[in-house]
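See structure below.
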Amino acid sequence: MSKVIIIGAGGVGTVVAYKCASNSNVFTEIVLASRTKSKCDDIVKKIGAKNMKTARVDADNVKELVELFRREKPDLVINVALPYQDLTIMDACLECGVNYLDTANYEPKDVAHFEYSWQWAYREKFEKAGLTAILGCGFDPGVSGVFTAYAAKHYFSKMETLDIVDCNAGDHGKAFATNFNPEINIREITQNGRYYQDGKWITTKPLEIHASLNYPNIGPRDSYLLYHEELESLVKNFPSIKRARFWMTFGQEYLTHLRVIQNIGMARIDEVDYNGTKIIPLQFLKAVLPNPQDLGENYKGETSIGCRIAGKDKNGNEMTYYIYNNCSHEEAYKETGMQAVSYTTGVPAMIGAMMFLTGKWKKPGVFNVEEFDPDPFMEQLPLQGLPWVEVINEPLEVDKIG
């Protein structure tokens, strides 16, 4: 018997709920909780699983979280709420003796800053409590780390360069919309870029470095260098990596809207006074933009996310390796009612939970996904809807950039 609480009823939370319900041999009891219980009720009604129920909880409130955990006594909490809430949920897990998994690292509300230090500081506490905390178990971060660990285990004696490439070639028919929480998405994209080179972090202006990269079944797409949190843990856990970068595709129309949003001050995360009321412009913008959960029905096309790695193979010869997944928006919607961006995050979160509950990823402390055995996770990916493809010793394109 195993019981999980899923915190968060957005697009990703919906996918996690669907996939947990479809693996009832592992997830025997499921509680879906969020600040708005009616959203959870609607999701559970659509899924129709008898082993699911809902609860209301404010994930900013440790006391409420503790009350929920003590009442339900889960084996694991799957946190797909906002990154701001990671630490309150971890605190509640420690107080109640519950294991923890999330998909994105903590960031403070008032500063758009992505760093694992806040969560890594919990290592000793979780270790002493005999609890497991699994960090960053979405796709990127998440599968990107598992892909890298799999490459290190099976192909490379020394990985030297790593480029994580993320392409969304879908079309949702909206003038401007974000594929996940608008507040988090816009904060991420409008920050300075950063990449790792020869033991140092190099900072770039937002979207300053870009190149046209080819993606399988999609073709060339403008790809921009961003900072992404998994780079921090991957260069730490695989110290032979000399250069690590993250790339994401954006269309010109999207970037034009983004520039206007910034230029008129709507990307601000500090308070402004509006008719005597304090509001945060980016949070107001989130309220008027399309809800990412509602994009799936008309979404066409697919995503392509993978890792392009170069280095020395097990015999010391030069080697290139590209491993990726392509995910159809239409197929994701048919299965879960959500688009592929939510699907590619939610499915790995469920698989990570499965790895813990079946004892394959279970040890006291706080860990990033690449610190566990990648093989059982990789076996589950195609079975759960995310097949992967390997391309060995073909040009990576990224080697020509920078």
Side-chain angles (χ1 to χ4, degrees), residues 1-57 59 68-69 71-81 89 98-103 134 137-139 142-143 180 291-297 325 327-362 376-377 379-387:
M1 300 290 288
S2 59
K3 185 174 187 176
V4 296
I5 293 179
I6 304 164
I7 300 180
V12 176
T14 301
V15 173
V16 175
Y18 266 94
K19 300 304 285 190
C20 287
S22 67
N23 288 274
S24 58
N25 59 318
V26 175
F27 301 91
T28 53
E29 293 184 72
I30 305 161
V31 181
L32 180 61
S34 79
R35 194 189 305 264
T36 308
K37 186 176 180 293
S38 59
K39 291 174 64 177
C40 301
D41 293 336
D42 289 344
I43 293 166
V44 170
K45 185 177 179 181
K46 287 177 183 176
I47 295 173
K50 294 181 179 179
N51 65 336
M52 298 185 74
K53 65 180 182 179
T54 65
R56 186 207 171 276
V57 71
L68 174 65
F69 298 171
R71 182 173 71 246
E72 297 296 342
K73 297 179 173 56
D75 299 291
L76 176 73
V77 167
I78 303 173
N79 170 18
V80 284
I89 298 172
V98 177
N99 300 283
Y100 172 89
L101 178 146
D102 68 28
T103 61
I134 300 170
C137 196
F139 205 109
V143 176
F180 56 94
N291 187 334
Q293 284 180 265
D294 300 332
L295 297 176
E297 186 174 6
N325 160 266
C327 183
S328 161
H329 287 290
E330 294 97 324
E331 292 304 313
Y333 181 77
K334 284 179 187 176
E335 183 182 349
T336 65
M338 295 295 125
Q339 33 88 349
V341 177
S342 294
Y343 191 88
T344 54
T345 305
V347 173
M350 181 280 296
I351 296 175
M354 177 186 287
M355 293 298 100
F356 171 79
L357 294 170
T358 56
K360 297 178 178 68
W361 284 15
K362 190 174 186 178
F377 190 103
E379 290 169 8
Q380 283 295 322
L381 277 171
L383 300 178
Q384 303 298 338
L386 294 176

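- Nearest heavy-atom pair, Pro74 versus Val77, reported as atom, atom and distance to 0.1 Å: CG-CG2, 4.3 Å.
- Thr336 approaches Tyr18 most closely through the heavy-atom pair O-CE1, 3.3 Å.
- When side chains are defined from C-beta on, Pro387 counts as touching Asn325, because their heavy atoms get closer than 4.5 Å.
- In this structure, CE on Met52 lies 11.5 Å from OG on Ser24, to the nearest 0.5 angstrom.
- Considering all non-hydrogen atoms of both residues, Leu76 and Leu101 come closest at CD1-N, 4.1 Å.
- Open room surrounds NZ on Lys362; 12 or fewer heavy atoms of other groups in view lie less than 6.0 Å from it.
- Within the model, atoms CG of Asp75 and OG1 of Thr28 stand 7.5 Å from one another, a figure rounded to the nearest 0.5 Å.
- A salt bridge links Glu335 with Lys19: at least one charged nitrogen is closer than 4.0 Å to a carboxylate oxygen.
- The main-chain N or O of Ser38 is never found under 3.5 Å from a side-chain atom of Thr36 such that the two would form a donor-acceptor pair.
- Interatomic distance, CD1 of Ile30 versus SG of Cys20, reported as 5.0 Å (0.5 Å rounding).
- Under the side-chain contact (heavy atoms from CB on, under 4.5 Å) rule, Ile78 has a single partner from Ile5, Thr103, Ile6, which is Ile6.
- Judged by distance alone, the side chain of Gln380 and the main-chain N or O of Leu383 form no donor-acceptor pair under 3.5 Å.
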Checklist entry - Does the side chain to side chain contact (heavy atoms under 4.5 Å, CB included) test come out yes or no for Phe27 and Met354, once each step is laid out? => result CA-CA 8 Å; Phe27 301 91; Met354 177 186 287; 4.2 Å; yes
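- Thr358 OG1 to Lys360 NZ: the interatomic distance, rounded to the nearest 0.5 Å, is 3.5 Å.
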Item to check | side chain to side chain contact (heavy atoms under 4.5 Å, CB included) evaluation trace for Val31 with Lys3 | outcome: CA-CA 8 Å; Val31 181; Lys3 185 174 187 176; 3.9 Å; yes
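- A side-chain N or O of Asp41 and one of Thr54 form a donor-acceptor pair less than 3.5 Å apart.
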Next on the checklist: The test is side chain to side chain contact (heavy atoms under 4.5 Å, CB included); show your working for Val341 and Phe139 and say whether it passes.
Outcome noted: CA-CA 9 Å; Val341 177; Phe139 205 109; over 6 Å; no
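- From Arg56, atom CZ reaches atom CG of Leu68 across 11.0 Å, with rounding to the nearest 0.5 Å.
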Next on the checklist: I'd like to know whether Phe356 forms a side chain to side chain contact (heavy atoms under 4.5 Å, CB included) with Cys137, so could you lay out the CA-CA distance, the side-chain angles of the two residues, the decisive distance to 0.1 Å, and finally the verdict.
Outcome noted: CA-CA 12 Å; Phe356 171 79; Cys137 196; over 6 Å; no
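- Between Ile89 atom CD1 and Ile7 atom CD1 the span is 4.0 Å, to the nearest 0.5 Å.
- Of all heavy-atom pairs between Gly138 and Pro348, the closest is O-CB, 3.0 Å.
- Considering every non-hydrogen atom in both Gly13 and Leu32, the closest pair reads O-CD1, 4.5 Å.
- Of all non-hydrogen atoms in Leu386 and Cys327, the two that sit nearest each other are CD2-SG, 4.1 Å.
- For the pair Met355 and Ile134, the minimum side-chain heavy-atom distance is 4.5 Å or more.
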